[in-house]
Each structure stands twice: as structure tokens, then as C-alpha cells.
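First up is the structure itself, then whatever we jot down about it.
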Amino acid sequence: MNKFSIAIDGPAGAGKSTIAKRLAKKLGCTYIDTGAMYRAVGLYCIWQHVDYRDEAKVEEVIFSLKIDLDTEGERQIIYLNGRDISQAIRTDEVAAAASKVATYKEVREVLVKAQRQMQSEKSVVMDGRDIGTVVMPDATLKIFLTASVDERAKRRFEEYCKRGLTVSMVELTKDIMDRDYQDTHREISPLKKAIDAIEVDTTALSIDEIVDKIMILMEKA
Ligand code: DC
């Protein structure tokens, strides 16, 4: 197969990473989790006591970060200046910081450049918010995944329970709605469906059904 690229965009909790990972495995290509890269910037700010709400401060440090992605079997590993941060980025505090730093022009420019570089080197399935619109406007296939807010909150709730954490559905629903608002209303590269993206509502579909559907779309692309 020639080099190809699949863009998967959509709101938090729509199932992007699960689906993108499965697709990459089936197609034998690289999965790139761009959200993890924004989370790495957020985590760096928290660790270095850089106020992530202050755009100028974040822009001062963005060039001191080296973010590398790697895969080990099914697992995606992300390194920040050589340190494995794959677990550390999966907290609500880091998610909130990531959502904020993702509104900054300079941060987006640096990360988008790195993402395009990866696409130019190999076949990829890349997930995020601006992949079909900004990062890979020339992608072979663009998918926009959606699911109702209730369903996304339910999925997050189950994820938390599996990790042995307690959280209320009310809190999770509010968190998802806040992030949706921030991601869709920011000035630069807001979350939106590319004109040529195919929307897949995952609310009532199983993971296998979604993956099968996208594989059929890929055959036709
Ligand atoms: O997908 P995620 O929850 O790991 O993403 C973390 C934050 O990063 C999210 O609030 C939106 C932002 N993001 C972005 O603006 N652009 C991307 N391509 C990926 C994520």
C-alpha cells in the first residue's frame, strides 16, 4: 500500500484514541496521539511552576521542551525531555492545562510542525482536534467522531471506575461540557469538522463496529 494518512478528530471522550490505535494496528502503521503532545506541554508547565494561564510565560519555555513519541507493542509512550510521561499526563489537572495551552498560537505552531514532520515520514493514523482541518488537510481519509455528552460522560465514568478512582457523573458531565466549549470556541484552530470529513456518531456503536466502518471507508478512499 502507498503511504497514507488518516485524520481522526472529535470532542473529548468520543473514542478517538481507542479507534485510532485499533486502526493503526490493523493497517500496520503509526498511531500519533496529538492530545498527548498538548498534555506534555501542560505537564511541563505544572512541573516547572510556569503559570500555564500566562501565554507569554508558556511561549518562553516552549522551545525547551523535547517531545518524542514511541510505541511498544500496543502501548504508546510519550517522552518529555527523555522522561517517560505516559502515565503522568493522564490526570484532570494536566487535561485542563493542555486545553489552555492549546489555545496559544506559538504552542500550536511548534506542535503542528512536529506532527506534519511525522506525517511526511510514514503512514499514520493521527487523532486530535485540528488534524483534518489544519495538520493534514491532504489526509487520505478524514473521520469526525462524535457521541452524545451523556454517553461520553458514561465512558469516562467507566474508565475512572476501572482505574479505581471515584468521581461523580455530574462532575464528569460538567468537565466534558467545559472542555467542549474551550476546544470549539478558541480563536486558533478550534475543533470543527473538516468539510470533507465523514462524521461517525459512535453513541450506539461498539468499537469493532466503528473500526469496521472506517476500514470500509479506507478501502474506498
Ligand atoms: O485528546 P486529549 O484530551 O488528550 O487532548 C488534550 C487537550 O489538547 C484538549 O483539551 C484539546 C487539545 N488538543 C488540541 O487542541 N489539538 C489537538 N490536535 C489535540 C488536542
Side-chain angles (χ1 to χ4, degrees), residues 5-21 24 30-46 52-53 55 58-59 62 65 67 69 75-78 80 85-119 124-137 139 142-147 149 152-153 155-157 159-160 163 167 172-194 197 202:
S5 48
I6 303 181
I8 312 260
D9 289 300
K16 295 185 298 295
S17 61
T18 309
I19 303 299
K21 243 181 256 173
T30 303
Y31 163 56
I32 297 167
D33 174 0
T34 63
M37 298 170 78
Y38 289 92
R39 284 172 183 258
V41 178
L43 179 68
Y44 181 87
C45 293
I46 293 167
Y52 63 76
R53 289 172 200 86
E55 182 166 0
V58 177
E59 290 186 353
I62 185 72
L65 271 93
I67 299 171
L69 299 175
R75 212 167 82 83
Q76 153 120 55
I77 307 169
I78 178 155
L80 172 61
I85 54 159
S86 318
Q87 289 300 319
I89 56 170
R90 302 291 162 201
T91 68
D92 288 342
E93 189 192 9
V94 175
S99 188
K100 188 66 193 166
V101 299
T103 65
Y104 305 152
K105 183 166 172 277
E106 190 104 22
V107 171
R108 298 205 74 88
E109 276 175 11
V110 169
L111 297 190
V112 167
K113 193 167 164 225
Q115 291 152 9
R116 287 189 179 141
Q117 178 64 33
M118 290 187 262
Q119 182 207 5
V124 295
V125 178
M126 199 181 284
D127 78 359
R129 305 294 190 286
D130 60 339
I131 310 304
T133 50
V134 177
V135 181
M136 313 197 302
K142 298 180 188 178
I143 301 292
F144 194 80
L145 287 185
T146 59
V149 170
R152 289 187 281 138
R155 289 178 191 170
R156 276 281 142 93
F157 184 76
E159 238 176 79
Y160 274 85
R163 287 160 61 193
V167 64
L172 277 180
T173 306
K174 185 184 173 301
D175 189 50
I176 281 183
M177 287 169 76
D178 286 351
R179 277 228 277 159
D180 280 358
Y181 187 87
Q182 178 132 286
D183 293 345
T184 53
H185 285 78
R186 67 172 174 238
E187 211 173 299
I188 314 161
S189 309
L191 166 67
K192 70 166 190 254
K193 180 181 160 300
T202 69

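For ligands, and for the atoms within them, numbers begin at 1 and follow the listed sequence. Throughout, residue positions are numbered sequentially from 1 according to the sequence presented.
The shortest contact between atom 16 (N) of ligand 1 and any protein heavy atom is with R108 NH2, 3.0 Å. Taking atom 8 (O) of ligand 1 as the reference point, the nearest protein heavy-atom neighbour is Y38 CB, 3.6 Å. Ranking protein heavy atoms by distance to atom 20 (C) of ligand 1, first place goes to G35 CA, 3.6 Å. Nearest protein neighbour of atom 4 (O) of ligand 1, counting heavy atoms only, is R39 NE, 2.6 Å. Looking from atom 19 (C) of ligand 1 to the surrounding protein, the closest heavy atom is T34 OG1, 3.4 Å.
Distances shorter than 4.0 angstrom do not occur between any heavy atom of Q115 and any atom of ligand 1.
Looking at heavy atoms from C-beta onward, D127 lies in side-chain contact with D33 at the 4.5 angstrom threshold. I78 has its side chain out of reach of R39: every pair of non-hydrogen atoms, C-beta onward, lies at least 4.5 Å apart. Residues R116 and V135 are in side-chain contact: their nearest non-hydrogen atoms beyond the backbone lie under 4.5 Å apart.
No donor-acceptor distance shorter than 3.5 angstrom exists from the side chain of Y52 to the backbone of A96, with no hydrogens or angles considered. A donor-acceptor pair under 3.5 Å is formed between the side chain of K16 and the backbone N or O of G10.
Only the side chain of R186 comes within 4.0 Å of ligand 1, counting heavy atoms alone; its backbone N, CA, C and O stay farther away. With a heavy-atom cut-off of 4.0 Å, Q182 does not touch ligand 1 at all. Neither the backbone nor the side chain of M37 has a heavy atom within less than 4.0 Å of ligand 1. Contacts between A102 and ligand 1, counted as non-hydrogen atom pairs separated by less than 4.0 Å, involve the side chain only. Under 4.0 Å from ligand 1, not a single heavy atom of V135 appears.
Of the candidates D183, D130, D127, the one placing a heavy atom closest to atom 18 (N) of ligand 1 is D130. In this structure, of R179, R129, K100, K16, the residue bringing a heavy atom nearest to atom 1 (O) of ligand 1 is R129.
Contact between Y38 and V101 at its shortest, heavy atoms only, is O-CG2, 3.8 Å.
Looking only at atom types and distance, the side chain of R155 has a donor-acceptor partner in the side chain of T202 under 3.5 Å away. Side-chain N/O atoms of S99 and Q182 include a donor and acceptor closer than 3.5 Å.
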- Query: side-chain contact (heavy atoms from CB on, under 4.5 Å) between V41 and V58: does it pass, once the steps are laid out?
  - Reply: CA-CA 9 Å; V41 178; V58 177; 4.2 Å; yes
